[in-house]
Protein chains: 2
Amino acid sequence: MHRHEGHDACPGDAVDMLARAESLCRERGLQFTPLRRDVLEVVAASGKAQGAYDIAERLSVPGKRVAPVSVYRALDFLMEQGLVHRIASRNAFIPCAHVHAPGEGVIFLICRTCGGVDEESSQDLESGLGRTLERAGFTPAHSILEVEGDCGLCRDRKQAS
Amino acid sequence: MHRHEGHDACPGDAVDMLARAESLCRERGLQFTPLRRDVLEVVAASGKAQGAYDIAERLSVPGKRVAPVSVYRALDFLMEQGLVHRIASRNAFIPCAHVHAPGEGVIFLICRTCGGVDEESSQDLESGLGRTLERAGFTPAHSILEVEGDCGLCRDRKQAS
DNA sequence: GGCGGCGGTGATACACTGTAACACTCGCGC
DNA sequence: GCGCGAGTGTTACAGTGTATCACCGCCGCC
Ligand SMILES: [Zn+2]
Ligand SMILES: [Zn+2]
Ligand SMILES: [Zn+2]
Ligand SMILES: [Zn+2]
């Protein structure tokens, strides 16, 4: 699912993200403005989930402040377009390089050591959840599945020491 | 899983909760103080998830204010003892009448119409998640699974109208 | 009795997260 | 030119959660 066996910051990925986002917006007739581009770049360049206020601070330079509210608006847009995800348990945002089917479930694996977030999807798990919901008589609209723990890299690093 | 085919407020449940909490604290040599009792009572008496500030307001009477910070401390205690759960997607808390095995996964079904929260567990789903995590080389410590949608009662109510 | 520690609570202040409201600009079609 | 809509800047505010200190009651110890 992740090309690099981990979730390190890959500068190349950020460039890919921006190019993909631009063409995707052009296709849909939407504006990929400088602010939206900058916000996506910050989210994509860091290997870990970024908070909105962190992004705002990161984009601010002396004399030119970017307010958090502007960042939130850009993030709302990027989420609608499926370019970023929100990690509810962290109040933070990660880039998404995938194309998700509507209603497709996604699992976020959040490393508590390095802060990296990996994104998985599992048809197996999805169907299990569907059965459980049906048994409970519940009609799902939207679901959150976030797992916190240690990623493979951090686990190995701990064992070595 | 839920005795009443839904998640209405059941005054009897609240009484049961308090009795169980008291005996549980006595067993563990912990204090079930009046504040902790009151907070649990408010959480248990309402059929829906309660925010910490709501609880504080509910417990406040003219001349005797309960500060949110006190409520948070009581909720921390109650969560440690497994008497309440936190619903991350709502920043709210629900009572728990179950006994959970350590590491057992729980699914919260949150009705966006009536605000009720049902709690399910599924061994089936659990094992599917375990396989997915193993495949990704991830060691889980803690997971959140929350589904928002319509409960059976609200769905029927909508169809009738 | 005095005394110190400890858990729980009260109270204030603060940090972090997110939204509402309003004004302004820019580009585009009429 | 003019109106309109989308995007942004700015301010203020609401909601959620934590840090810190002080106080109190209890219990064990000297
Ligand atoms: Zn994704
Ligand atoms: Zn890691
Ligand atoms: Zn439970
Ligand atoms: Zn309902």
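As the structure is a prediction and not an experimental result, all values here were calculated from the model.
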* Return the value, rounded to whole Å, for the distance between atom CD of A:E57 and atom P of C:dT17. => 11 Å

* Provide the full list of side chain to side chain donor-acceptor pair (under 3.5 Å) pairs with a residue in residues 122-142 of chain A, sequence neighbours left out, each pair given once. => A:S122-B:T132, A:D124-B:R131, A:R131-B:D124, A:T132-B:S122, A:T139-B:R155

* Under the side-chain hydrogen bond (donor to acceptor under 3.5 Å, both in side chains) rule, collect the residues that match up with A:D76, sequence neighbours excluded. => none

* To do: Name every residue in residues 62-84 of chain A that has at least one heavy atom under 4.0 Å from any atom of DNA chain C, in order of residue number, or write none if there are no such residues.
  => A:V69, A:Y72, A:R73

* Asked: Can you tell me how far C1' of C:dC6 sits from CG of B:L30, to the nearest Å?
  -> 14 Å

* A:F108: what forms a ring-ring contact (aromatic ring centres under 6.0 Å, His included) with it, not counting sequence neighbours? -> A:H85

Would you tabulate the side-chain donor-acceptor contacts of residues 23-44 of chain A under 3.5 Å, counting partners in other chains and residues two or more places apart, or write 'none'?
| from | atom 1 | to | atom 2 | distance (Å) |
| --- | --- | --- | --- | --- |
| A:S23 | OG | A:R20 | O | 3.1 |
| A:R28 | NH1 | A:Q81 | OE1 | 2.7 |
| A:T33 | OG1 | A:R36 | N | 3.3 |
| A:R36 | NH1 | A:Q31 | O | 2.8 |
| A:R37 | NH1 | A:E41 | OE1 | 3.0 |

* **Counterpart residues, side-chain hydrogen bond (donor to acceptor under 3.5 Å, both in side chains), relative to B:R65 (two or more places apart)** => none

* Could you tell me which residues satisfy side chain to side chain contact (heavy atoms under 4.5 Å, CB included) with B:A141, sequence neighbours excluded, listed by chain and number? => A:R112

* **Residue pair B:E104 / B:H98, side-chain donor-acceptor N/O under 3.5 Å** => no

* What is the nucleic acid contact for B:R86, judged by heavy atoms within less than 4.0 Å: base, sugar-phosphate only, or nothing? -> sugar-phosphate

* Structure fact -> Residue set satisfying ring-ring contact (aromatic ring centres under 6.0 Å, His included) with A:F93, at least two apart, ordered chain then number -> none

* First and last nucleotide of DNA chain D in contact with chain A, 5' to 3', at under 4.0 Å to a heavy atom: what are they? -> D:dA6 to D:dT11

